[in-house]
Amino acid sequence: MAYAPKTIEPKWQSFWEKNQTFRTEPPSSKKPKYYILDMFPYPSSSGLHVGHPEGYTATDILARYKRARGFNVLHPMGWDAFGLPAEQYALQTGVHPAVTTSKAIETFKRQLSSLGFSYDSNHEISTCDPQYYRWTQFLFLKLFERGLAYQKEVPVNWCPALKTVLANEEVVDGKSERGGHPVFRMPMKQWMLKITDYAERLLQDLDRLDWPESTKELQRNWIGKSEGLECRFQLDGGSGEIEIFTTRPDTIFGATYLVLAPEHPLVGAITSAQQQAAIADYQKQASQKSELARQDQSKQKTGAFTGAYALNPFNQQKLPIWISDYVMMGYGTGAIMAVPAHDQRDYDFAQAYQLPIKTVVKPADHAPSEGCFAGEGVSVDSDFISGMPTTQAITAVIQRAEKEGFGRRKVQYKLRDWLFSRQRYWGEPFPILHDDSGASIPVAYEQLPVTLPDVQSYEPSGTGESPLAAITEWIQAPGGLKRETDTMPGSAGSSWYFLRYIDPRNSGAPFSAEAEKYWMPVDLYLGGPEHAVGHLLYARFWTKVLFDCGLVTHDEPFQKLVHQGMILGEDGEKMSKSRGNVINPDSVVEQYGADTLRLYEMFMGPLDRDKPWDTKAIEGVFRFAQRAFRLVTELPDAEASDADLKVLHKMIKKVTEDIEGLRFNTAISAMMVFVNHFTKNEKRPRALMLPFVQCLQPFAPHLAEELWEFLGQTQLSRTPWPVFDAALAKDDHLTIAIQVMGKTRGTVEVEPGASQDAVHKAALEIPTVQNQLAGKTIKKVIFVPNRILNLVVG
RNA sequence: GCCUGGGUGGCGAAAUUGGUAGACGCACAGGACUUAAAAUCCUGGGUUCCGCAAGGGACGUACCGGUUCGAUUCCGGUCCUAGGCACCA
């Protein structure tokens, strides 16, 4: 009998399907829960990529293992189904995005089921299903009610080629992430979510999470908290004032001019008559500049003088006010005090326009500094803070400003509100109506969902409005109200899908309180690092809002997060069609079977590392599967020797611990050692094959089921995990290294716990050790029981 | 420029609180089986030097230095590489 994955695999897949083997028990279950989640895929029409099965196999191994350990496991799969590609395709072909999407979902389902993942299809969801987005709209209304969703005229990333507005994350180097079209800044009325209200909590609560440190750091940087002084400068001669923000208040005596963002609301009012033309010219130029052009000139500072002056509140010094696009309206107050001696950007600007540079901080080590010194040191020429080290000077300046009433301590975040509307068809409609004045009126909860109308044309209007704006009968709502025509971004549905998975067919609420209490938070969330700030931050934000609404009992959704590495092409480069190094999982399954693909992807290396694909190396894993098959089905039975038992228990121990630690590559190598041991003996004790097959089950479930059946057993997937005997998993004799001066010169076989004397005596028998000791005296002996003996000689 | 990872044989990698570096797999070489090949099984191997051999010596985890009886592991510095952020005051 030969190993035939092509017959085995479909057989067990339909067996599981028929028996509902992986059905998740309801929250009333007495078992402890384990919620293991994959980042759900966008069902692209090109189907599964080999990167998908990497993460999905890892979570499937854990899900199968946890079931065997007595947990009620929720391990669902679903579809992040709204998105631009289906709409782009519709534009070209006229095929409705819903059709394209459901076709793609079918392909994904077929591919995933061919890999033997233990999903419970009763928990499947799709974000474009009205019974799903009904609740996305419901949750949006909750945000709206709390004042966390608002409309605002904001400069947005307008992409003329795509005829839509893009989020900052969708713009890379001034071009659209998709298509690489140029993107421009343009003011438009947009829906925004007030994620900035949650900046501090989103930052603080990171400390509680079992997440990769790198991802937490990325989020911290993204939130970008900094503390400093917000300070008002009176206008010279006129009335009014300009507020600036600085993290270096200690340098305020070195300020030689102020800079406002070109869009700053005060620019028009303060500009002197003779500067009007120059300023207007510069403002126009700045607004028309695309992001790309702005970055191209990042070195070359430009600006214009307003003709106005402000007074430094600390010494009444008169400072010219300039505008420049190196100051952004979106951060701080949109205005800065420029200290060219101690800030590189201010320095560059001062150089370009011959503005004065005044040094007020000296490096502590008095190192001669050329140009601009941005580090900390000691204040000089700075009135009451002269002689103070930087940290002390900062505090002193803030205190004085607060006492005098022209400034205050201020915490700033780089995080900005979340641009939440898209001028597209294929997304969730906003459950919002507008009256003639433009005011927003929420659609009543019982009227949800607001479904997408069927349209003939997906062409955006090009004026910035969504294609929905052309469907006049849809727009009209009772009472003379008009529907909002923007739709939500793709990240809306993915910000809470993990909550719908727990209770996916609930028609009275997004999820029941009982289900939430039982299942949340997610115990392990696995997905690519590319979502480190976008999706993972948004999902945390929504969860915190729902927590504040009393809808959930945990304010962090994902207790533990792990990123899988990227699977690279055989050339070590990222897989891409243009490079021609893409591997199709279907063809691997066709050639070797799903179990081999699963084993191979787990054996390649550590889960969280990038790994190049190696078609040759799959052979090795395939050979292992064949050997395992032959071992159980062909080798003659035998009595288990002590050595056999040790090999078994060591293997169970290693596999168990490695699954817990997500070290699947070394778990597989432990099973290889086991198989090699018996293959070499040319016989295998039948009784020891049972726990081996149980260990194999999470990794190669079809093969394991087949072997289990061969051994006369049933229901492998419901069999408890094998336990190892700690005593048997230990060696009964050890090899101790004998070192002279820290270099290994030989080894000694001893029983565990052998005494120093015994080891020392045996060590002196070794010729190479004797050679090394010849003519020398032992000055010191280091003995680590069961490890090493080190002789230090003089 | 800033923040994170990573750098170990020909290749993917292992070594879980400092204790025999290279488990397991690929590729390779030799052998068994075979008329032959494939498949399978067994054996070998970091580099280098001495030796016919058994064996022994030196070097070796990106590079330089430090701590230690002992460092892939800890500390300081440098280089390379991948990813992220980037005029954020």
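Computed from a predicted model, the values in this text were never measured in an experiment. Every chain is numbered from 1, with letters handed out A, B, ... down the list of sequences.
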Whole angstrom is fine here: how far is it from [atom1] in [X] over to [atom2] in [N]?
{"X": "A:F678", "N": "B:rU40", "atom1": "CZ", "atom2": "P", "answer": "21 Å"}
{"X": "A:R745", "N": "B:rG70", "atom1": "CZ", "atom2": "P", "answer": "14 Å"}
{"X": "A:E619", "N": "B:rA38", "atom1": "CD", "atom2": "P", "answer": "14 Å"}
{"X": "A:N221", "N": "B:rC2", "atom1": "CG", "atom2": "P", "answer": "13 Å"}
{"X": "A:F624", "N": "B:rG25", "atom1": "CZ", "atom2": "P", "answer": "10 Å"}
{"X": "A:N786", "N": "B:rG18", "atom1": "CG", "atom2": "P", "answer": "17 Å"}
{"X": "A:E634", "N": "B:rU40", "atom1": "CD", "atom2": "P", "answer": "12 Å"}
{"X": "A:M604", "N": "B:rA13", "atom1": "CE", "atom2": "P", "answer": "8 Å"}

(message) So that I know where these two stand, are A:Y600 and A:F622 an aromatic pair - ring centroids less than 6.0 Å apart?
(response) no
Please measure how far the [atom1] atom in [N] lies from the corresponding atom in [M], and state the result in whole Å.
{"N": "B:rC24", "M": "B:rG45", "atom1": "C1'", "answer": "16 Å"}
{"N": "B:rC63", "M": "B:rA53", "atom1": "P", "answer": "32 Å"}
{"N": "B:rG9", "M": "B:rA27", "atom1": "C1'", "answer": "12 Å"}
{"N": "B:rA14", "M": "B:rG22", "atom1": "P", "answer": "15 Å"}
{"N": "B:rG70", "M": "B:rU20", "atom1": "C1'", "answer": "12 Å"}
{"N": "B:rA38", "M": "B:rA54", "atom1": "C1'", "answer": "39 Å"}
{"N": "B:rG55", "M": "B:rU68", "atom1": "P", "answer": "37 Å"}
{"N": "B:rG83", "M": "B:rG19", "atom1": "P", "answer": "33 Å"}

Is the shortest side-chain N to carboxylate O distance from [X] to [Y] below 4.0 Å?
{"X": "A:E634", "Y": "A:R684", "value": "no"}
{"X": "A:K225", "Y": "A:E200", "value": "yes"}
{"X": "A:R220", "Y": "A:D207", "value": "yes"}
{"X": "A:K616", "Y": "A:E619", "value": "no"}
{"X": "A:D610", "Y": "A:K574", "value": "no"}

Looking at the side chain of [X], which of [options] is the nearest nucleotide?
{"X": "A:T679", "options": "B:rU4, B:rC24, B:rC41", "answer": "B:rC41"}
{"X": "A:M672", "options": "B:rG19, B:rG25, B:rG7", "answer": "B:rG25"}
{"X": "A:T666", "options": "B:rA89, B:rA14, B:rU4", "answer": "B:rA14"}
{"X": "A:P612", "options": "B:rG57, B:rU4, B:rG12", "answer": "B:rG12"}
{"X": "A:I782", "options": "B:rC26, B:rU4, B:rG19", "answer": "B:rG19"}

(message) Does the structure show a Watson-Crick or G-U wobble partner for B:rG44, both distances under 3.5 Å? Name it, or say none.
(response) B:rC28
(request) Provide the Watson-Crick or G-U wobble partner of B:rA54, both distances under 3.5 Å; none if there is no partner. (result) none
Can you find a donor-acceptor pair, distance only, under 3.5 Å between [X] side chain and [N] base?
{"X": "A:E530", "N": "B:rG83", "result": "no"}
{"X": "A:R627", "N": "B:rU40", "result": "no"}
{"X": "A:K301", "N": "B:rC87", "result": "yes"}

(message) Please classify B:rG10 as syn or anti, treating any glycosidic angle within 90° of 0 as syn.
(response) anti
(message) For B:rU4 and A:R220 - does any side-chain N or O of the residue sit under 4.0 Å from the phosphate oxygens OP1/OP2?
(response) no
(request) Take A:T333 and A:N771, find for each the nucleotide of RNA chain B with the closest heavy atom, and name the residue whose nucleotide sits nearer the 5' end. (result) A:N771
(request) Hey, which sits more toward the 5' end of RNA chain B by its nearest nucleotide, A:E213 or A:P606? (result) A:E213
(request) Would you mind classifying the nucleic acid contact of A:E217 as base, sugar-phosphate or nothing, using non-hydrogen atoms under 4.0 angstrom? (result) sugar-phosphate
